[in-house]
Amino acid sequence: GEDVEQSLFLSVREGDSSVINCTYTDSSSTYLYWYKQEPGAGLQLLTYIFSNMDMKQDQRLTVLLNKKDKHLSLRIADTQTGDSAIYFCAEWLFGNEKLTFGTGTRLTIIP
Amino acid sequence: GAVVSQHPSWVICKSGTSVKIECRSLDFQATTMFWYRQFPKQSLMLMATSNEGSKATYEQGVEKDKFLINHASLTLSTLTVTSAHPEDSSFYICSASPGLAGGNQETQYFGPGTRLLVL
């Protein structure tokens, strides 16, 4: 299967951590990506992880992968107003040679 | 690095006219480029995969005669919406992959998008 699912909305207070979740269905070796989209703009690649890894950290961003549950999360530490955007997880499927995107999670920062 | 540009950023046209959108990889060569369409408050839908020097591969349900794709060089792909109609109004986003030269041949870098409004 190629379904990638995300919750649609997340609200977080400024300064708190944001955790955006994603589930996927394909169990093959794969790359999993997080992209950020601000209003009216294209997608900005934030980070990615290969499916043989459990965790990847890059400054304020931490990606956790639970292969058994096919669950991917993106944690943003010390969330700022500039983090307001839609966050898409995406899975690269070998064989299909294309990205499958989740529905996107709209992150809203509460002052 | 890995910058992708699109031109124009937005376009308004009359129904029945054709519109060409350019996608360029500015600091890398892209053997593969992808064209997506995004409706308001929805995710991205892959339209086609464009390989340099060969015909594009279209996703199911995408009319190849309606959406003409040309990938004439390693840094440029074009999408032409022929005989555009109001239902073609959408946000079109391209992406490009640097291939093995970028370390991860599957990673795609996205352009800023082109908003098309057909009146």
Side-chain angles (χ1 to χ4, degrees), chain A residues 2-10 20 22-26 28-53 56 58 63 72 84-108, chain B residues 1-10 21 23-26 28 31-51 54 56-60 62 90-99 102-117:
Chain A
E2 301 178 10
D3 291 337
V4 180
E5 296 186 356
Q6 302 176 237
S7 52
L8 293 179
F9 303 98
L10 176 67
I20 304 170
C22 173
T23 57
Y24 60 99
T25 56
D26 194 279
S28 306
S29 296
T30 186
Y31 283 98
L32 295 149
Y33 298 84
W34 284 104
Y35 286 92
K36 175 183 180 183
Q37 185 179 35
E38 298 187 56
L43 273 66
Q44 174 193 354
L45 175 64
L46 293 178
T47 186
Y48 66 90
I49 190 169
F50 190 59
S51 55
N52 66 353
M53 299 168 65
K56 182 177 181 180
D58 183 3
V63 178
L72 180 75
S84 292
I86 299 176
Y87 291 81
F88 290 96
C89 67
E91 179 183 23
W92 173 264
L93 298 174
F94 289 100
N96 281 356
E97 307 304 306
K98 63 181 182 181
L99 276 178
T100 298
F101 283 87
T103 50
T105 299
R106 183 179 296 274
L107 176 63
T108 301
Chain B
V3 178
V4 177
S5 70
Q6 277 184 246
H7 178 80
S9 54
W10 59 272
I21 303 170
C23 177
R24 292 181 186 272
S25 56
L26 298 185
F28 65 97
T31 53
T32 306
M33 290 184 171
F34 302 83
W35 287 96
Y36 295 85
R37 186 172 179 177
Q38 186 180 32
F39 290 104
K41 298 186 179 180
Q42 293 191 25
S43 189
L44 278 73
M45 182 191 78
L46 178 65
M47 299 174 66
T49 302
S50 170
N51 294 298
S54 64
T57 303
Y58 289 81
E59 294 298 300
Q60 192 172 4
V62 178
S90 191
F91 192 52
Y92 293 88
I93 307 177
C94 74
S95 70
S97 175
N104 170 4
Q105 66 182 44
E106 291 75 24
T107 295
Q108 295 178 29
Y109 297 91
F110 284 79
T114 297
R115 191 164 300 282
L116 171 64
L117 177 62

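Treat the numbers as computed from the prediction; the structure is a model and nothing was measured. Chain letters run A, B, ... following the sequence lines, proteins first, then strands; residues in each count from 1.
Using a 4.5 Å cut-off on side-chain heavy atoms (C-beta onward), L44(B) and L43(A) make contact. Counting only heavy atoms from C-beta outward, the side chains of Y109(B) and L45(A) approach each other to under 4.5 Å. Residues L99(A) and F34(B) form no side-chain contact, since every pair of their non-hydrogen atoms from C-beta on lies 4.5 Å or further apart.
For E59(B), the part lying near chain A is the side chain, with the backbone staying farther off; criterion is any non-hydrogen pair under 4.5 Å.
The two atoms that bring F91(B) and Q37(A) nearest to each other are CE2-NE2, 3.9 Å, heavy atoms only. Closest heavy-atom contact between F88(A) and Q42(B): CZ-O, 4.2 Å. Contact between F101(A) and S43(B) at its shortest, heavy atoms only, is CB-OG, 3.3 Å.
By the side chain to side chain donor-acceptor pair (under 3.5 Å) test, S25(B) pairs with no residue at all, sequence neighbours left out. In this structure, the side chain to side chain contact (heavy atoms under 4.5 Å, CB included) partners of F9(A), at least two apart in sequence or on a different chain, are R106(A).
Chain A forms more heavy-atom pairs under 4.5 Å with one residue of M45(B), K41(B), Q38(B) than with any other, namely Q38(B).
The line from OH of Y35(A) to CD of Q108(B) is 5.5 Å long, rounded to the nearest 0.5 Å.
For T107(B) and Y33(A), the side-chain atoms include at least one donor-acceptor pair closer than 3.5 Å.
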